[in-house]
Amino acid sequence: MTSPAASYHGYRFPPEIISHAVWLYHRFCLSFRDTEDLLAQRGITVSYEAIRRGVRGSVLRTLVSCGTGRDVWATRGTWTNCS
(Lines give C-alpha, C1' and ligand atoms only; values in the text may rest on other atoms or scores of the structure.)
Protein backbone atom coordinates (compact mmCIF):
# COMPACT_ATOMS: atom_id res chain seq x y z
CA MET A 1 0.00 0.00 0.00
CA THR A 2 1.25 3.49 -0.74
CA SER A 3 2.03 6.06 1.91
CA PRO A 4 -0.50 8.86 2.55
CA ALA A 5 1.87 11.46 1.08
CA ALA A 6 2.13 9.53 -2.18
CA SER A 7 -1.58 8.69 -2.24
CA TYR A 8 -2.60 12.34 -2.12
CA HIS A 9 0.12 13.76 -4.35
CA GLY A 10 -1.19 16.83 -6.17
CA TYR A 11 -3.95 17.60 -3.68
CA ARG A 12 -4.13 21.08 -2.19
CA PHE A 13 -4.81 19.97 1.37
CA PRO A 14 -2.63 17.85 3.68
CA PRO A 15 -3.33 14.10 3.74
CA GLU A 16 -4.62 14.33 7.33
CA ILE A 17 -7.42 16.71 6.33
CA ILE A 18 -8.38 14.68 3.27
CA SER A 19 -8.40 11.46 5.28
CA HIS A 20 -10.53 13.04 8.00
CA ALA A 21 -13.03 14.38 5.45
CA VAL A 22 -13.28 10.97 3.76
CA TRP A 23 -13.74 9.30 7.16
CA LEU A 24 -16.51 11.75 8.13
CA TYR A 25 -18.26 11.23 4.80
CA HIS A 26 -18.27 7.43 5.01
CA ARG A 27 -18.64 6.94 8.76
CA PHE A 28 -21.66 9.19 9.24
CA CYS A 29 -23.20 8.94 5.74
CA LEU A 30 -22.96 12.69 5.23
CA SER A 31 -23.31 14.62 2.02
CA PHE A 32 -20.27 16.42 0.63
CA ARG A 33 -21.76 19.75 1.73
CA ASP A 34 -22.46 18.47 5.26
CA THR A 35 -18.85 17.33 5.48
CA GLU A 36 -17.76 20.76 4.25
CA ASP A 37 -19.86 22.41 6.98
CA LEU A 38 -18.43 20.19 9.74
CA LEU A 39 -14.88 21.00 8.69
CA ALA A 40 -15.74 24.72 8.46
CA GLN A 41 -16.94 24.62 12.08
CA ARG A 42 -13.46 23.39 12.99
CA GLY A 43 -11.81 26.22 11.07
CA ILE A 44 -10.88 24.19 7.97
CA THR A 45 -11.99 25.89 4.76
CA VAL A 46 -12.39 23.23 2.11
CA SER A 47 -14.85 23.02 -0.78
CA TYR A 48 -17.29 20.16 -1.21
CA GLU A 49 -15.67 19.53 -4.60
CA ALA A 50 -12.30 18.86 -2.93
CA ILE A 51 -14.06 16.41 -0.59
CA ARG A 52 -15.70 14.70 -3.56
CA ARG A 53 -12.32 14.27 -5.27
CA GLY A 54 -10.81 12.88 -2.07
CA VAL A 55 -13.65 10.39 -1.61
CA ARG A 56 -13.48 9.32 -5.25
CA GLY A 57 -9.73 8.86 -4.99
CA SER A 58 -10.03 6.75 -1.85
CA VAL A 59 -12.67 4.55 -3.46
CA LEU A 60 -10.50 4.04 -6.54
CA ARG A 61 -7.46 3.17 -4.39
CA THR A 62 -9.58 0.62 -2.51
CA LEU A 63 -10.74 -1.00 -5.73
CA VAL A 64 -7.20 -1.15 -7.10
CA SER A 65 -5.90 -2.70 -3.87
CA CYS A 66 -8.53 -5.43 -4.24
CA GLY A 67 -7.03 -6.55 -7.53
CA THR A 68 -9.32 -6.68 -10.51
CA GLY A 69 -12.29 -5.20 -8.70
CA ARG A 70 -14.36 -8.36 -9.13
CA ASP A 71 -16.95 -9.00 -6.47
CA VAL A 72 -16.53 -5.51 -5.07
CA TRP A 73 -19.51 -3.24 -4.92
CA ALA A 74 -20.43 -0.27 -2.84
CA THR A 75 -23.58 1.38 -1.67
CA ARG A 76 -23.74 4.49 0.42
CA GLY A 77 -21.08 3.74 3.05
CA THR A 78 -21.23 -0.07 2.82
CA TRP A 79 -18.52 -2.22 1.21
CA THR A 80 -18.30 -5.90 0.52
CA ASN A 81 -15.13 -7.95 0.96
CA CYS A 82 -12.62 -8.01 -1.88
CA SER A 83 -12.41 -11.79 -2.04
Side-chain angles (χ1 to χ4, degrees):
M1 184 157 206
T2 58
S3 67
S7 298
Y8 296 112
H9 178 71
Y11 282 80
R12 176 180 169 196
F13 298 97
E16 296 82 18
I17 292 176
I18 297 169
S19 296
H20 187 67
V22 170
W23 177 79
L24 284 171
Y25 174 80
H26 285 295
R27 173 64 179 90
F28 300 107
C29 293
L30 300 172
S31 70
F32 297 130
R33 293 185 191 263
D34 288 340
T35 306
E36 175 187 18
D37 289 342
L38 279 175
L39 292 174
Q41 289 175 355
R42 295 181 178 172
I44 301 169
T45 305
V46 59
S47 70
Y48 76 93
E49 185 62 25
I51 296 167
R52 185 193 68 78
R53 285 193 310 269
V55 169
R56 184 173 187 270
S58 71
V59 169
L60 291 176
R61 280 189 299 280
T62 302
L63 290 175
V64 167
S65 69
C66 290
T68 62
R70 277 187 320 225
D71 302 324
V72 177
W73 57 275
T75 58
R76 185 87 166 99
T78 305
W79 286 87
T80 63
N81 288 333
C82 297
S83 55

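Starting from 1, each residue takes its place in the sequence as its number. The figures that follow rest on heavy atoms only: side chains count, while hydrogens, waters and symmetry mates do not.
- Here the shortest heavy-atom pairing between Ile51 and Ala21 reads CG1-CB, 4.2 Å.
- Scored by the side-chain hydrogen bond (donor to acceptor under 3.5 Å, both in side chains) test, Arg52 finds Glu49 as partners (sequence neighbours excluded).
- His26 places a side-chain heavy atom less than 4.5 Å from the side chain of Val55.
- Of all heavy-atom pairs spanning Phe13 and Val46, the tightest one is CE1-CG2, 3.5 Å.
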Side-chain donor-acceptor contacts of residues 33-44 below 3.5 Å, not counting sequence neighbours, with atom names and distances?
unit_1	atom_1	unit_2	atom_2	d
Arg33	NH2	Tyr48	OH	3.3
Asp34	OD2	Ser31	OG	3.3
Thr35	OG1	Ser31	O	3.0
Arg42	NH1	His20	NE2	2.7

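- A perpendicular orientation is assigned to the rings of Trp23 and Phe28, their planes being inclined by more than 60° (bins at 30° and 60°).
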